[in-house]
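Okay, structure first, notes after.
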Amino acid sequence: MFIAEINVMPLKELLDPQGKAVEHGLANLGFNASKVRIGKRITLEIEASEETDAIAKVEEACKKLLHNPVMEYYEFTVSKV
Amino acid sequence: MKFGVVIFPGSNCDQDMVHVLRNVMGCETKELWHKDHDLQGLTTDDCIVLPGGFSYGDYLRCGAIARFSPIMKEVVEFANKGGKVWGICNGFQVLCESGLLPGALLRNNNRLFICQNQYITATTHKSAITEQCEIGKPLNIPIAHAEGRYYCNEETLASLKANDQILFKYCDNHGTIHADSNPNGSLENIAGICNANRNVFGMMPHPERAAESILGNTDGKVLFESLLGILTTV
């Protein structure tokens with residue numbers, strides 16, 4: 001069994017209104033933060049015989065459902081439970 | 001022409017659409033349940049409508065889960081065989097997620113859920129739903145969405161233009177298209193598009209909410225009349 005930790009983020013060239021709103025909030029608190037981007041973190045457990053197999057399965061899940069390439073990119077790690 | 005209106009869990013404009021098609025336009029209209037594989041006898045001479053709403057709670061991304069529902073397998077096949085498919089609001093999002101239309105609908109640039117009457121204008125006659133629209137004439141059609149900012153990459157935009165696939169743009173009350181008449185930050189004010197084969201249509205505005213005089217607005221009716229080939233008397 002493997003655990004995958006997946007980050008799905010808005011493409012760098014796209015306006016992220018959610019990130020902008022949070023950036024303003026941080027500024028109001030006195031934080032000098034910039035380039036705030038908000039994405040999704042997805043964790044899941046997956047049955048696989050070895051790590052390469054787990055990576056291939058998570059890759060497929062990301063491509064088919066978890067991210068939309070028109071607006072997002074993803075990165076992930078897998079580790080054995 | 002018969003119609004089928006798909007009902008997903010979370011659809012909320014399905015009955016408005018069924019009402020307009022059945023009672024205003026007088027068309028035989030089937031209600032297609034998301035769990036079914038049955039198109040109830042619809043043929044490629046007919047039209048399937050994906051209505052507005054929040055299918056599957058907009059979980060993950062708007063339209064992302066609906067795409068994998070049993071009925072969508074049939075809808076994609078129906079579209080690939082040449083049947084007409086018309087997605088409105090959430091239906092447009094589902095069509096983009098399912099790959100039947102290019103691009104995606106992103107969160108509005110002002111971060112708000114926008115619910116207002118909005119002028120749009122047809123930008124081509126070359127589609128079944130804009131055939132009888134006057135290009136440049138403003139149509140006042142309600143919009144109601146938080147994720148309606150149309151986006152695609154430059155290459156896709158170029159092919160949309162080259163193939164005349166942009167059907168509607170947001171405009172002002174004179175029909176002029178400019179940055180101030182863009183409610184949500186859509187790329188080049190795009191409010192609706194079709195696929196390259198011109199049988200799949202997607203748009204964010206809701207013509208079914210503007211098709212009866214009792215509601216005070218019939219600007220959306222011309223789209224239904226175009227689709228049905230009824231000559232308008234304007």
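We name chains A, B, ... by the order of the sequence lines, and we start the count at 1 in each one.
Heavy-atom neighbours of F31(A) CZ from other residues, nucleotides or ligands within 6.0 Å: at or below the threshold of 12.
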Pairs of donor and acceptor atoms under 3.5 Å between chain A and chain B, please, with atom names and distances.
residue	atom	partner	partner atom	Å
L15(A)	O	R149(B)	NH2	3.1
K40(A)	NZ	L60(B)	O	2.9
K64(A)	O	R67(B)	NH1	3.1
L65(A)	O	R61(B)	NH1	3.0
L65(A)	O	R61(B)	NH2	2.9
L66(A)	O	R61(B)	NH1	3.2
N68(A)	ND2	E97(B)	OE2	3.1

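The distance from the CZ atom of F201(B) to the CD1 atom of I88(B) is 11.0 Å, given to the nearest 0.5 Å. Atom CG of residue L42(B) and atom CD1 of residue I48(B) lie 5.5 Å apart, to the nearest 0.5 angstrom. If you take CD1 on I114(B) and CD1 on I143(B), they are separated by 5.0 Å, rounding to the nearest 0.5 Å. In this structure, CE on M71(A) lies 9.5 Å from CG on L11(A), to the nearest 0.5 angstrom.
Here L15(A) is the residue among L66(A), I42(A), L15(A) with the most heavy-atom pairs under 4.5 Å with chain B. Per-residue heavy-atom pair counts under 4.5 Å with chain A were compared for G103(B), G185(B), C152(B), and the maximum is reached by G103(B).
Closest of all the heavy-atom pairs between I120(B) and P205(B) is CG2-CG, 3.9 Å. The two atoms that bring I6(A) and C62(A) nearest to each other are CG2-SG, 3.8 Å, heavy atoms only.
With a threshold of 4.5 angstrom between heavy atoms, L105(B) approaches chain A through N, CA, C or O but not through any side-chain atom. Contact of L60(B) with chain A is made through backbone and side chain together, with heavy-atom distances under 4.5 Å.
Within the 4.5 Å cutoff, the side chain of I46(A) has no heavy atoms near those of the V78(A) side chain.
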